Protein chains: 2
Amino acid sequence: MQNISLEELAGKAKVSKTTASLVLNGKGDRYKINKDTQQRILRVAAEYNYRPNFSARSLTKGRTMTIGLVVPNIADSFYSNIAFQLEQQLANTEYQLLMGSTRENSEREEALINTFLNRQVDALIVATTQKKQAYIERIYNSGIPVVLFDRHYPNSLLPHVIVDNYRGINKLIYHLQSKSRTNIGYIGLELQLDAIKERQLAYNDWMKATSSPDFFRTVHYENYQAECEGVVSQLLQNGVDALLFETHYLALEGIKCMTSKGFHCPDDVNVVSFGDHQAFSVFTPGITVVHQPVARIAENCLKLVFEQLKEGGLQSSGEIILEPKLVIRNT
Amino acid sequence: MQNISLEELAGKAKVSKTTASLVLNGKGDRYKINKDTQQRILRVAAEYNYRPNFSARSLTKGRTMTIGLVVPNIADSFYSNIAFQLEQQLANTEYQLLMGSTRENSEREEALINTFLNRQVDALIVATTQKKQAYIERIYNSGIPVVLFDRHYPNSLLPHVIVDNYRGINKLIYHLQSKSRTNIGYIGLELQLDAIKERQLAYNDWMKATSSPDFFRTVHYENYQAECEGVVSQLLQNGVDALLFETHYLALEGIKCMTSKGFHCPDDVNVVSFGDHQAFSVFTPGITVVHQPVARIAENCLKLVFEQLKEGGLQSSGEIILEPKLVIRNT
DNA sequence: CTGAAAGCGCTTACAG
DNA sequence: CTGAAAGCGCTTACAG
């Protein structure tokens with residue numbers, strides 16, 4: 001378990017550092033090092049449990065084999081699932097993930113990215129607060145691979161993989177309509193994010209097109225639990241027959257409020273959510289949702305990262321838009 | 001955003017690398033470097049956005065300011081919350097977290113730890129599969145700080161922070177008894193973990209002490225969803241009036257099964273869970289649980305890590321047992 | 001087939 | 001007050 005250095009190892013195997021390094025890196029055959037010599041080096045390495053010093057290697061190679069992941073909140077099931085997927089898909093590579101949560105705070109986002117950059121991460125995957133466009137673009141333009149996911153900057157060439165938010169909400173609305181619901185309440189977030197705006201736009205477009213009553217409401221991210229309760233109660237009084245939640249955690253909060261007030265789902269008020277959650281299939285009734293393809297989001301983020309890491313740079317347009325899937329349960 | 005080196009920076013500021021390094025590391029005053037000179041260096045650093053190369057610094061200092069976190073599954077809400085807490089508590093330090101999921105596979109655990117060690121992490125925080133005692137002890141004994149949490153090795157000096165699992169289950173049982181339930185079904189995991197054994201022991205001790213019917217059942221981790229369904233149905237047929245789930249995800253699965261069979265909670269069958277979940281307060285009725293103090297677990301893990309990192313080494317016994325809290329809701 | 005040497009970008013005794 | 005130099009542990013042209 002002790003750290004023996006390449007130099008010591010070479011000494012014990014009676015070869016130079018060069019030879020030892022070559023063999024240890026699997027270049028023994030290419031450099032036609034004697035089989036015996038190779039064996040000897042490998043044996044000594046095993047015997048002393050040789051661990052090449054990663055910092056030294058990173059320093060010489062100029063790569064850290066590390067990717068920085070920046071999300072709003074790693075405790076949020078969507079992001080922790082993304083992290084899990086990234087990690088699993090990276091498991092058979094040399095790459096590791098460094099991660100941090102911004103808590104939707106842009107200062108913290110910049111500090112986090114800065115920290116990762118100081119550590120010379122080879123690439124950045126970020127679900128941005130969308131308040132750091134110039135900063136992130138500067139990084140990207142300086143040659144550091146960047147992939148945005150979940151949130152992106154619409155007027156920017158920054159590579160990103162997102163979901164078609166507008167269509168996602170549409171699917172939910174159509175579904176509700178197929179259940180003959182017309183007074184659909186919408187509970188969203190007061191956040192300057194395009195992902196959010198798109199969702200809200202879809203609802204508002206539908207509202208206008210159908211001259212439906214305006215049951216569009218938003219709450220603040222920092223205080224969503226309390227505000228959600230207020231907004232939901234009010235909507236219920238207004239006589240909505242369906243509630244569409246913009247995110248899974250809003251839905252969770254809203255359902256809590258609804259049932260505490262004695263409203264029954266789906267009879268009184270039907271409930272659907274943008275974004276799935278482990279519990280939604282457990283509820284009675286099971287909550288119908290639009291599901292974000294977590295594995296494919298992760299997969300495509302890595303695809304864009306590796307494209308940028310390669311010689312030629314990005315081959316594709318850098319924009320990947322995935323289709324959110326309607327998962328019909330009981331609501 | 002370009003990487004300018006210390007040498008270049010020194011050149012532009014017309015000082016030696018030594019002086020520049022000293023000033024940049026806040027040792028300017030200690031070494032009585034001219035105020036003017038200091039200003040000049042700082043100005044140049046800011047102007048060229050100087051980022052000291054982390055690999056180089058790690059190499060010279062022999063520390064990477066990185067802690068490796070190993071958990072069974074980062075997508076599990078318990079572990080992602082731990083990760084979030086660790087990260088937040090580490091936010092005002094220089095430390096960063098590298099993390100990986102073992103998926104309860106001990107080979108993967110060893111590979112993961114090995115990878116982290118290759119990267120010279122300064123410490124390891126691990127929720128072990130509990131099948132790698134010798135390996136982890138060897139690491140610990142070689143001087144690398146290690147803290148186990150959630151799961152530990154009972155006959156080992158490895159520092160750990162755990163929860164009193166036996167008492168946790170007891171609290172749940174007492175609660176159920178206070179609700180006049182006597183036919184309590186137990187759904188647990190077929191895993192060789194002491195945390196699990198303790199929970200199961202608590203139930204079995206109670207069962208024997210009270211001569212209660214044997215409603216103790218276990219399922220395999222890899223296939224818990226399907227098996228849980230079978231076990232729960234059977235228990236329901238056996239006429240249990242309460243179901244005690246060993247983990248939050250078992251509870252989630254069990255509730256799904258129960259309600260699909262038309263059983264009503266808490267009237268027909270009361271349900272409680274070891275381990276909380278975001279949805280448990282949303283369910284109707286709210287699920288009573290024993291809550292694991294996530295923030296305090298994280299806090300104590302870091303306490304033990306930093307103790308080991310300090311000169312004198314571990315000051316305390318290295319064993320921290322936290323009290324799980326009964327959170328009474330509607331069940 | 002193998003080795004001596006330079007270089008990656010820092011930090012830190014050691015001098016003066 | 002400041003600098004020259006060694007050293008951290010690797011990799012990789014360059015020689016022979």
Side-chain angles (χ1 to χ4, degrees), chain A residues 1-42 44-45 48-66 94 117-122, chain B residues 1-42 44-45 48-66 94 117-122:
Chain A
M1 206 59 35
Q2 292 309 332
N3 285 328
I4 148 174
S5 74
L6 218 216
E7 182 147 29
E8 298 176 84
L9 162 352
K12 297 191 194 290
K14 310 230 180 290
V15 293
S16 69
K17 289 193 300 177
T18 307
T19 308
S21 173
L22 256 20
V23 172
L24 262 9
N25 285 306
K27 300 179 183 170
D29 286 344
R30 196 180 324 160
Y31 282 81
K32 305 191 176 139
I33 310 288
N34 251 336
K35 284 293 177 196
D36 293 358
T37 313
Q38 294 202 37
Q39 291 301 333
R40 193 154 21 98
I41 293 170
L42 261 13
V44 174
Y48 290 88
N49 202 277
Y50 172 66
R51 281 178 201 291
N53 184 300
F54 207 83
S55 302
R57 171 177 278 172
S58 295
L59 182 56
T60 42
K61 304 203 91 161
R63 288 179 305 153
T64 56
M65 306 309 281
T66 307
E94 295 275 285
L117 254 24
N118 282 342
R119 287 181 176 242
Q120 271 80 34
V121 293
D122 293 337
Chain B
M1 204 61 34
Q2 294 307 333
N3 284 328
I4 148 175
S5 74
L6 217 215
E7 182 146 28
E8 297 175 86
L9 161 353
K12 297 191 194 290
K14 309 227 181 289
V15 293
S16 68
K17 290 192 300 177
T18 307
T19 307
S21 173
L22 256 19
V23 171
L24 260 11
N25 285 305
K27 299 180 182 169
D29 287 345
R30 196 179 328 158
Y31 282 82
K32 304 190 177 139
I33 309 288
N34 252 336
K35 284 293 177 195
D36 293 357
T37 313
Q38 294 203 36
Q39 291 301 333
R40 193 154 20 99
I41 294 170
L42 261 13
V44 174
Y48 291 88
N49 201 277
Y50 173 65
R51 281 177 200 291
N53 184 300
F54 207 82
S55 303
R57 172 177 279 173
S58 295
L59 181 57
T60 43
K61 304 202 91 162
R63 287 180 305 154
T64 56
M65 306 308 281
T66 307
E94 295 276 284
L117 254 22
N118 282 340
R119 287 182 174 241
Q120 270 79 33
V121 294
D122 293 338

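On a predicted model such as this, the values are computed, not experimentally measured, just so you know.
A:L6 contributes atom CG, which lies 3.5 Å from atom OH of A:Y50 (distance to the nearest 0.5 angstrom).
Along DNA chain D, the nucleotide closest to B:K32 and the one closest to A:L6 are compared, and the more 5′ of them pairs with B:K32. Nearer to the 5' terminus of DNA chain C, by closest-nucleotide assignment, is the contact made by A:L59 (compared with the other of B:T18 and A:L59). Place B:T60 and B:T19 on DNA chain D by their nearest nucleotides, and B:T19 ends up nearer the 5' end. In this structure, B:A56 and B:K27 both approach DNA chain C, and ranking their closest nucleotides by distance from the 5' end singles out B:A56.
For B:N53 (side chain) and B:A56 (main-chain N/O), a donor-acceptor pair under 3.5 Å exists by modelled atom type. Between the side chain of B:R119 and the backbone N or O of A:F54, no donor-acceptor pair lies under 3.5 Å. When atom types are taken as modelled, the side chain of A:D122 and the backbone of A:M65 share a donor-acceptor pair closer than 3.5 angstrom.
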- [ ] Report the C-alpha separation of B:D29 and B:Q38 in whole Å, then their side-chain angles, then the decisive distance to 0.1 Å, and conclude whether the side chain to side chain contact (heavy atoms under 4.5 Å, CB included) test is met.
- [x] CA-CA 9 Å; B:D29 287 345; B:Q38 294 203 36; 3.1 Å; yes

- [ ] Starting from the C-alpha separation in whole Å, work towards a yes-or-no answer on side chain to side chain contact (heavy atoms under 4.5 Å, CB included) for A:L9 and A:K17.
- [x] CA-CA 8 Å; A:L9 162 352; A:K17 289 193 300 177; over 6 Å; no

TODO: With side chain to side chain contact (heavy atoms under 4.5 Å, CB included) as the test, would you mind laying out the steps for B:T19 and B:S16 before giving the verdict?
DONE: CA-CA 5 Å; B:T19 307; B:S16 68; 3.1 Å; yes

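Chain A approaches DNA chain C over the interval C:dC1 to C:dG9, counting the first and last nucleotide 5' to 3' with an atom under 4.0 Å from its heavy atoms.
At a threshold of 4.0 angstrom between heavy atoms, the contacts of B:T37 are confined to the sugar-phosphate backbone, with no base atom among them. If you check every strand for non-hydrogen atoms under 4.0 Å, B:K35 touches nothing. B:S5 comes within 4.0 angstrom of the backbone, heavy atoms only, and of no base. Within 4.0 Å (heavy atoms only), B:Y31 reaches at least one base atom of the nucleic acid. The residue A:K61 sits close only to the backbone: its heavy atoms come under 4.0 Å of sugar-phosphate atoms, none of a base.
Here D:dA13 sits opposite no nucleotide as a Watson-Crick or G-U wobble pair (both hydrogen-bonding atom distances under 3.5 Å). Across all strands shown, C:dA4 forms no Watson-Crick or G-U wobble pair with both distances under 3.5 Å.
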